Amino acid sequence: MDYQAYFTDALDTLRDQGNYRVFADLERRLGDFPKAEWRGAEGTRDVTIWCSNDYLGMGQHPDVLAAMHGALDRCGAGAGGTRNISGTTHDHVALEAELADLHGKEAALLFTSGYVSNWASLGTLAAKIPGCVVLSDALNHASMIEGIRHSKAERIIWKHNDLEDLEAYLKALPLERPKLIAFESVYSMDGDIAPIGAICDLAEKYNALTYLDEVHAVGMYGPRGAGVAERDGVMDRVDILQGTLGKAFGVVGGYIAASSEICDFVRSFASGFIFTTALPPAVAAGAVASIKHLKQSRTEREGQKDRVAQLRARLDAIGIPHIPNPSHIIPVMVGDPVKCKWISDRLLAEHGIYIQPINYPTVPKGTERLRITPSPVHTAEDMDRLVGALETLWAECKLARLPMAAQ
Ligand SMILES: *Cc1c(COP(=O)(O)O)cnc(C)c1O
C-alpha cells in the first residue's frame with residue numbers, strides 16, 4: 001500500500017467536496033477580547049472574533065486569571081497523575097464541590113473536557129446498566145453519539161425535540177426495561193431549546209433516567225447560571241446534568257453532576273475518567289473562580305442578552321435571514337457552501353471580522369450558515385462594523401433578503 005497516496009487522495013476528496021477545514025491562526029489579546037491578532041498569508045492583522053464560545057468573556061476575567069496565577073504559583077504546572085494516582089489535588093476537590101452546589105446535586109465528577117465527559121459517562125452508564133436502551137435526540141452532539149455507540153447498548157433515535165415521537169418509543173418498551181433518555185438543552189447549531197420539563201414528565205411516566213447536556217447553557221441561563229434546567233425550575237428532576245468549563249466559564253474541562261451513587265459509579269467504572277492525567281490545578285482553580293463569579297453576577301448574562309437582541313434587530317432591519325430561536329446563538333442562513341465560505345473569507349480579509357463558516361457535515365446541506373455569538377464584550381462599534389460588512393457582502397453575493405428589506 002502507498003500510504004502517502006492514500007492520505008493525499010482522502011484529503012483531496014475532502015477539498016473537492018468543500019469539507020476541508022482551515023484553521024485561523026489567532027492570538028486573543030488579553031483585556032481586549034473579542035479582539036485578536038490573525039496571522040494570515042499576507043501577514044498579521046487585527047480582527048474581531050464573532051464566533052467564540054467564550055460567550056461571556058470569562059476567559060479574560062480578572063478573578064479567573066488571579067485564581068489561575070495563584071494556583072500556578074502555589075502548586076506548579078501539571079497535576080502529576082491520574083485522579084487515582086496522586087493527581088487529585090485540593091483544587092479538583094473544591095471544583096467538584098462547587099459544581100455539585102451549582103446544580104443542586106449531591107456530587108459532581110470532573111473530566112478533561114466536555115467531550116470526554118459525555119463519551120465516558122454515557123458510554124459507561126449505557127454499557128453497564130443491564131439491558132439498557134438509550135433514547136437519543138436526533139441532533140445530539142458527536143460526543144454523546146460516540147459514547148452511546150461505544151456502549152454497544154441498543155439505541156433509539158427520536159426526532160429532534162419531538163415529544164410525541166419520544167413517547168411512542170417509550171410506550172413500546174417494557175416498563176421494567178432500563179432506559180436512558182439523552183438530550184441537550186440549547187442545541188449548538190440552530191440555537192433551539194429542549195422542553196426539559198416535558199421530557200422529565202415522560203421519563204417519570206415510563207421509568208427512564210434522564211441525561212442532559214447543558215454545555216451551551218451553563219453560565220448563561222438561570223438565576224445562578226446553572227443552565228436552562230435551573231431557569232425552568234426542573235434541575236432536580238434531571239438525573240444527570242453534563243456541562244463544560246470551556247465555553248461560558250472560559251477555561252477548559254467537562255463534568256457531570258448527579259447523585260453520589262451515579263457519580264461514584266462513573267468514577268469507578270469509566271475508562272475515560274480513570275486512565276488519564278487530571279486537569280492542571282490552575283485550570284480547576286480558574287474554573288472555580290469563574291463559576292463563583294457567574295453564580296452571583298448577572299451583569300455578563302444581561303449584557304449578552306442585550307447584544308443578542310440588538311444584533312437580531314439590526315439583521316431584521318436589513319432583511320438578513322437568521323433562525324428566530326429563543327437562545328443566544330444567531331445562525332445567519334446562507335444556504336450554499338461556496339458562498340458561505342466566500343463570505344467568511346471576505347469578512348476576515350477585508351473587514352477584519354472572524355466568523356467561521358458552518359458547512360456540511362456539521363449542518364445539513366442547503367443550511368450552510370454563519371453562527372454568530374454576540375458577547376457582552378462586543379462594542380456598539382463592533383456591531384456597526386459587522387452589520388455593515390454583512391450588508392455589503394450579502395449584496396455582492398446576490399443572496400436573498402427577507403421581503404421586509406427588499407426594494
Ligand atoms: C462543545 C460541546 C461539547 C464538548 O465540550 P468540550 O468541553 O468542548 O469538549 C459537548 N456537547 C456539546 C453540545 C457541545 O457543543
Side-chain angles (χ1 to χ4, degrees), residues 21 23 49 51-56 58-59 64 92 95-96 99 102-103 108-125 134 136-150 157 160-161 180-194 196 199 210-221 225-229 238 240-257 266 270 272-273 276-280 283-284 286-287 290-291 294 323 325 327-331 356 358 361-363 369 371-373:
R21 292 167 201 254
F23 296 163
I49 302 176
C51 58
S52 175
N53 284 335
D54 184 356
Y55 293 128
L56 302 175
M58 290 305 287
V64 176
H92 296 99
L95 175 54
E96 285 175 338
L99 288 165
L102 175 68
H103 291 289
L109 190 67
L110 190 58
F111 297 81
T112 47
S113 75
Y115 187 103
V116 173
S117 64
N118 271 335
W119 180 80
S121 304
L122 282 169
T124 302
L125 291 167
V134 184
S136 176
D137 184 285
L139 291 193
N140 274 343
H141 189 255
S143 56
M144 301 169 84
I145 296 169
E146 291 297 333
I148 296 164
R149 267 204 201 125
H150 178 76
I157 295 163
H160 174 56
N161 275 351
L180 181 58
I181 303 174
F183 63 114
E184 300 181 21
S185 58
V186 177
Y187 284 84
S188 171
M189 291 303 154
D190 288 351
D192 54 340
I193 295 181
I196 303 173
I199 292 173
T210 42
Y211 183 104
L212 175 61
D213 175 322
E214 288 246 47
V215 159
H216 291 283
V218 290
M220 309 277 297
Y221 295 83
V228 179
V238 178
I240 301 127
L241 287 156
Q242 180 270 344
T244 184
L245 302 166
K247 290 175 181 168
F249 289 128
V251 194
V252 71
Y255 65 89
I256 57 166
V266 175
F273 174 83
T276 189
T277 300
L279 285 171
V283 167
S290 186
I291 296 163
L294 290 177
I323 300 181
N325 63 49
S327 77
H328 59 283
I329 294 164
I330 305 182
Q356 187 68 20
I358 311 277
T362 307
V363 294
R369 65 195 69 184
R371 176 184 181 273
I372 306 182
T373 54

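Values in this document were obtained by computation on a predicted structure and should not be read as measured data. When a ligand or atom number is given, it counts from 1 through the structure's own listing order. These numbers come from the heavy atoms of this one structure, side chains and all, not from hydrogens, waters or symmetry mates.
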Inset, instruction - State the NE2-CE distance between His141 and Met189, to the nearest 0.5 angstrom. - result: 7.5 Å
Inset, instruction - Under 4.0 Å from a heavy atom of Tyr115: give me the atoms of ligand 1 that qualify, with their elements. - result: 4 (C), 5 (O), 6 (P), 9 (O)
Inset, instruction - Among all protein heavy atoms, pick the one closest to atom 15 (O) of ligand 1 and tell me residue, atom and distance. - result: His216 NE2, 2.5 Å
Inset, instruction - With heavy atoms of Glu184 as the reference, note each atom of ligand 1 found under 4.0 Å away. - result: 13 (C)
Inset, instruction - Measure the CG-CD1 distance between Asn161 and Ile196 for me, rounded to the nearest 0.5 Å. - result: 9.5 Å
Inset, instruction - Enumerate the atoms of ligand 1 whose separation from the nearest heavy atom of Ser113 is less than 4.0 angstrom. - result: 7 (O), 9 (O)
Inset, instruction - Within a distance under 4.0 Å of any heavy atom of Gly114, pick out the atoms of ligand 1 and give their elements. - result: 4 (C), 5 (O), 6 (P), 7 (O), 9 (O)
Legend entry - ligand 1 contact on Met144 by region, counting heavy-atom pairs under 4.0 Å: neither
Inset, instruction - Among all protein heavy atoms, pick the one closest to atom 8 (O) of ligand 1 and tell me residue, atom and distance. - result: Lys247 CE, 4.0 Å
Legend entry - Asn118, portion touching ligand 1 at heavy-atom distance under 4.0 Å: side chain
Inset, instruction - Classify the ring geometry between Tyr221 and His328 as parallel (under 30°), tilted (30 to 60°) or perpendicular (over 60°). - result: tilted
Inset, instruction - Please work out which of Leu245, Asp213, Val252 has its closest non-hydrogen atom nearest to atom 11 (N) of ligand 1. - result: Asp213
Inset, instruction - Please confirm whether Gly254 comes under 4.0 Å of ligand 1, counting heavy atoms of the residue only. - result: no
Inset, instruction - Starting from atom 3 (C) of ligand 1, locate the nearest protein heavy atom and write down its residue, its atom name and how far away it is, to 0.1 Å. - result: His141 CE1, 3.5 Å
Inset, instruction - Can you see which heavy atom on Glu96 is nearest to which on Leu110, and at what distance? - result: OE2-N, 2.9 Å
Legend entry - Ser52 versus Asp54, side-chain donor and acceptor atoms under 3.5 Å: no
Legend entry - Nearest protein heavy atom with distance in Å, relative to atom 7 (O) of ligand 1: Thr244 OG1, 2.6 Å
Legend entry - His160-Asp192 side chain donor-acceptor pair, cut-off 3.5 Å: yes
Legend entry - Donor-acceptor contact below 3.5 Å, side chain Thr244 vs main chain Gly253: yes
Inset, instruction - Assign the ring pair His150 / Trp119 to parallel, tilted or perpendicular, where the plane angle (0 to 90°) is split at 30° and 60°. - result: tilted
